[in-house]
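The block underneath contains the structure these notes are about, expressed in C-alpha coordinates.
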Amino acid sequence: DLFVIFSFHKVLLLENSDHYDLFSQLDRKEFLFCLFKHLCIGGTLCQFEDVVGPYLETTKALYKDLVSVQKNPETKEICIISTIFRVSAYDDNGLCYPSSKSHEQTFAYLIVDPCKRHVHTLYHCFGESFFSN
(Lines give C-alpha, C1' and ligand atoms only; values in the text may rest on other atoms or scores of the structure.)
Protein backbone atom coordinates (compact mmCIF):
# COMPACT_ATOMS: atom_id res chain seq x y z
CA ASP A 1 0.00 0.00 0.00
CA LEU A 2 1.15 3.52 -0.83
CA PHE A 3 1.28 4.57 2.83
CA VAL A 4 3.70 1.73 3.57
CA ILE A 5 5.99 2.75 0.69
CA PHE A 6 5.87 6.43 1.64
CA SER A 7 6.68 5.43 5.20
CA PHE A 8 9.53 3.29 3.87
CA HIS A 9 10.97 6.31 2.05
CA LYS A 10 10.79 8.16 5.36
CA VAL A 11 12.65 5.26 7.03
CA LEU A 12 15.39 5.57 4.41
CA LEU A 13 15.73 9.34 4.62
CA LEU A 14 14.45 10.90 7.83
CA GLU A 15 16.32 10.34 11.08
CA ASN A 16 13.26 11.47 13.04
CA SER A 17 11.07 8.83 11.35
CA ASP A 18 9.35 6.48 13.80
CA HIS A 19 11.10 3.48 12.26
CA TYR A 20 14.45 4.98 11.18
CA ASP A 21 16.21 2.67 13.66
CA LEU A 22 15.05 -0.44 11.75
CA PHE A 23 18.46 -0.16 10.06
CA SER A 24 21.55 0.44 12.16
CA GLN A 25 24.17 3.01 11.18
CA LEU A 26 26.40 0.08 10.24
CA ASP A 27 23.66 -1.32 7.95
CA ARG A 28 23.24 2.08 6.31
CA LYS A 29 26.94 2.16 5.39
CA GLU A 30 26.77 -1.19 3.57
CA PHE A 31 27.00 -0.94 -0.21
CA LEU A 32 23.93 -3.17 -0.65
CA PHE A 33 21.85 -0.79 1.49
CA CYS A 34 23.20 2.24 -0.40
CA LEU A 35 22.26 0.67 -3.75
CA PHE A 36 18.76 -0.10 -2.50
CA LYS A 37 18.34 3.41 -1.15
CA HIS A 38 19.59 5.02 -4.38
CA LEU A 39 17.19 2.92 -6.46
CA CYS A 40 14.20 3.53 -4.18
CA ILE A 41 14.69 7.27 -3.96
CA GLY A 42 15.48 7.63 -7.66
CA GLY A 43 15.87 10.84 -9.62
CA THR A 44 13.89 13.99 -10.23
CA LEU A 45 11.21 12.29 -12.35
CA CYS A 46 10.59 9.30 -10.08
CA GLN A 47 7.26 8.72 -8.40
CA PHE A 48 6.58 6.71 -5.27
CA GLU A 49 5.75 3.10 -6.07
CA ASP A 50 3.41 0.85 -4.16
CA VAL A 51 5.44 -2.33 -4.68
CA VAL A 52 8.89 -2.87 -3.15
CA GLY A 53 9.61 -6.24 -4.82
CA PRO A 54 11.02 -4.86 -8.09
CA TYR A 55 13.40 -2.61 -6.13
CA LEU A 56 14.66 -5.58 -4.13
CA GLU A 57 15.10 -7.70 -7.28
CA THR A 58 16.88 -4.92 -9.16
CA THR A 59 19.14 -4.15 -6.20
CA LYS A 60 20.10 -7.82 -5.90
CA ALA A 61 20.82 -8.15 -9.63
CA LEU A 62 22.87 -4.95 -9.77
CA TYR A 63 24.82 -5.93 -6.64
CA LYS A 64 25.62 -9.35 -8.12
CA ASP A 65 26.83 -7.71 -11.35
CA LEU A 66 29.08 -5.22 -9.56
CA VAL A 67 30.50 -7.15 -6.61
CA SER A 68 32.70 -10.26 -6.87
CA VAL A 69 32.70 -13.04 -4.32
CA GLN A 70 34.83 -16.09 -3.66
CA LYS A 71 34.24 -19.22 -1.62
CA ASN A 72 36.77 -19.88 1.12
CA PRO A 73 37.98 -23.45 0.42
CA GLU A 74 38.40 -24.24 4.11
CA THR A 75 35.27 -22.75 5.66
CA LYS A 76 33.08 -22.88 2.52
CA GLU A 77 31.92 -19.36 3.41
CA ILE A 78 31.35 -16.89 0.62
CA CYS A 79 33.46 -13.75 1.01
CA ILE A 80 33.27 -10.48 -0.87
CA ILE A 81 36.59 -9.86 -2.61
CA SER A 82 35.70 -6.56 -4.28
CA THR A 83 36.69 -3.30 -2.69
CA ILE A 84 34.12 -0.53 -2.93
CA PHE A 85 35.02 3.16 -2.86
CA ARG A 86 32.62 6.08 -2.77
CA VAL A 87 34.56 8.75 -4.62
CA SER A 88 34.54 12.54 -4.23
CA ALA A 89 37.03 15.09 -5.49
CA TYR A 90 37.66 18.63 -4.36
CA ASP A 91 39.47 21.57 -5.89
CA ASP A 92 40.15 25.13 -4.71
CA ASN A 93 36.40 25.91 -4.96
CA GLY A 94 35.30 22.85 -2.98
CA LEU A 95 33.49 19.76 -4.22
CA CYS A 96 33.92 19.22 -7.97
CA TYR A 97 33.16 15.50 -8.52
CA PRO A 98 30.76 13.78 -8.90
CA SER A 99 29.17 17.25 -9.03
CA SER A 100 29.84 20.67 -7.61
CA LYS A 101 26.44 20.43 -5.87
CA SER A 102 26.20 17.98 -2.99
CA HIS A 103 23.04 15.84 -2.95
CA GLU A 104 22.04 12.53 -1.35
CA GLN A 105 21.41 11.08 -4.83
CA THR A 106 24.63 12.33 -6.43
CA PHE A 107 27.28 9.65 -6.13
CA ALA A 108 30.21 7.90 -7.75
CA TYR A 109 31.35 4.43 -6.73
CA LEU A 110 34.38 2.48 -7.89
CA ILE A 111 34.12 -1.26 -7.35
CA VAL A 112 37.49 -2.99 -7.74
CA ASP A 113 37.77 -6.72 -8.45
CA PRO A 114 41.39 -7.67 -7.60
CA CYS A 115 41.24 -11.11 -9.23
CA LYS A 116 39.87 -10.07 -12.62
CA ARG A 117 41.58 -6.67 -12.39
CA HIS A 118 38.33 -4.95 -13.31
CA VAL A 119 36.95 -1.67 -12.05
CA HIS A 120 33.23 -1.00 -12.29
CA THR A 121 31.97 2.56 -12.06
CA LEU A 122 28.50 3.48 -10.83
CA TYR A 123 27.72 7.19 -11.18
CA HIS A 124 24.66 9.38 -10.89
CA CYS A 125 24.29 13.15 -10.75
CA PHE A 126 20.91 14.17 -9.35
CA GLY A 127 18.90 16.55 -11.52
CA GLU A 128 21.25 16.54 -14.49
CA SER A 129 20.80 14.77 -17.79
CA PHE A 130 21.95 14.89 -21.37
CA PHE A 131 18.87 17.02 -22.04
CA SER A 132 19.66 19.67 -19.42
CA ASN A 133 20.85 23.07 -20.53
Side-chain angles (χ1 to χ4, degrees):
D1 126 310
L2 188 57
F3 176 74
V4 172
I5 299 305
F6 179 71
S7 295
F8 190 69
H9 279 82
K10 288 169 68 174
V11 167
L12 293 174
L13 293 170
L14 303 175
E15 289 185 38
N16 64 353
S17 165
D18 292 338
H19 303 291
Y20 186 83
D21 61 347
L22 285 174
F23 300 100
S24 71
Q25 288 305 315
L26 191 58
D27 291 338
R28 290 173 180 277
K29 291 179 181 179
E30 291 289 329
F31 183 57
L32 183 60
F33 181 88
C34 293
L35 277 179
F36 180 69
K37 181 177 173 183
H38 290 314
L39 292 173
C40 285
I41 297 169
T44 56
L45 300 177
C46 290
Q47 298 177 338
F48 289 119
E49 295 290 335
D50 58 355
V51 179
V52 173
Y55 290 102
L56 294 171
E57 293 167 19
T58 303
T59 301
K60 182 179 176 181
L62 184 58
Y63 186 81
K64 287 175 81 174
D65 283 346
L66 294 173
V67 176
S68 296
V69 297
Q70 204 171 49
K71 188 181 275 190
N72 183 322
E74 295 173 10
T75 64
K76 306 295 184 203
E77 287 184 13
I78 295 179
C79 301
I80 297 170
I81 59 169
S82 296
T83 303
I84 302 158
F85 300 97
R86 185 164 181 161
V87 180
S88 300
Y90 296 83
D91 63 12
D92 294 338
N93 298 318
L95 182 65
C96 62
Y97 179 84
S99 173
S100 59
K101 300 173 190 168
S102 181
H103 190 278
E104 182 85 25
Q105 284 297 87
T106 297
F107 55 84
Y109 294 101
L110 296 178
I111 301 97
V112 180
D113 180 333
C115 294
K116 295 179 186 174
R117 296 183 181 190
H118 289 173
V119 176
H120 296 285
T121 304
L122 183 62
Y123 166 87
H124 180 258
C125 189
F126 184 81
E128 295 185 17
S129 70
F130 293 113
F131 306 108
S132 297
N133 289 341

For the residue pair Gln70 and Cys115, what are the closest heavy atoms and their distance?
-> NE2-SG, 3.8 Å

Transitive ILVMFWY side-chain link Leu56 to Leu39, under 4.5 Å | yes

List for me each residue that meets side-chain hydrogen bond (donor to acceptor under 3.5 Å, both in side chains) alongside Asp92, sequence neighbours excluded, and say none if there are none.
-> none

Any pair counted as side chain to side chain donor-acceptor pair (under 3.5 Å), so long as it reaches residues 57-67, sequence neighbours left out | none

Selection residues 100-119 - residue pairs positive for ring pair (Phe, Tyr, Trp, His ring centres under 6.0 Å), sequence neighbours left out = Phe31-Tyr109, His38-Phe107, His38-Tyr109, His103-Phe126, Phe107-Tyr109, Phe107-His124

Out of curiosity, Leu32 CG to Leu66 CG, how far, rounded to the nearest 0.5 Å?
-> 11.0 Å

Which other residues belong to the hydrophobic cluster containing Tyr90, where Ile, Leu, Val, Met, Phe, Trp and Tyr are joined when side-chain heavy atoms lie under 4.5 Å apart, directly or via other members?
-> Leu95

Would you check, one step at a time, whether the test side chain to side chain contact (heavy atoms under 4.5 Å, CB included) holds for Thr121 with Val87?
-> CA-CA 10 Å; Thr121 304; Val87 180; over 6 Å; no

Report the C-alpha separation of Leu110 and Ile84 in whole Å, then their side-chain angles, then the decisive distance to 0.1 Å, and conclude whether the side chain to side chain contact (heavy atoms under 4.5 Å, CB included) test is met.
-> CA-CA 6 Å; Leu110 296 178; Ile84 302 158; over 6 Å; no

Could I get the full list of ring pair (Phe, Tyr, Trp, His ring centres under 6.0 Å) partners for Tyr97, not counting sequence neighbours?
-> Tyr123

Can you list the residues that meet the side-chain hydrogen bond (donor to acceptor under 3.5 Å, both in side chains) rule with Ser82, with sequence neighbours excluded?
-> none

Can you name the nearest heavy-atom pair linking Val112 to Val119, along with the distance?
-> CG2-CG2, 4.1 Å

Tell me, with the steps shown, if Asp113 and Ile81 meet side chain to side chain contact (heavy atoms under 4.5 Å, CB included).
-> CA-CA 7 Å; Asp113 180 333; Ile81 59 169; 4.1 Å; yes

Group every Ile, Leu, Val, Met, Phe, Trp and Tyr by side-chain heavy-atom contacts under 4.5 Å, then state whether Leu62 and Ile78 land in the same group.
-> yes

Inter-residue atom distance Arg86.CZ - Leu122.CG, 0.5 Å rounding | 10.0 Å

Give the minimum heavy-atom separation between Cys125 and Pro98, together with the two atoms involved.
-> SG-O, 4.2 Å

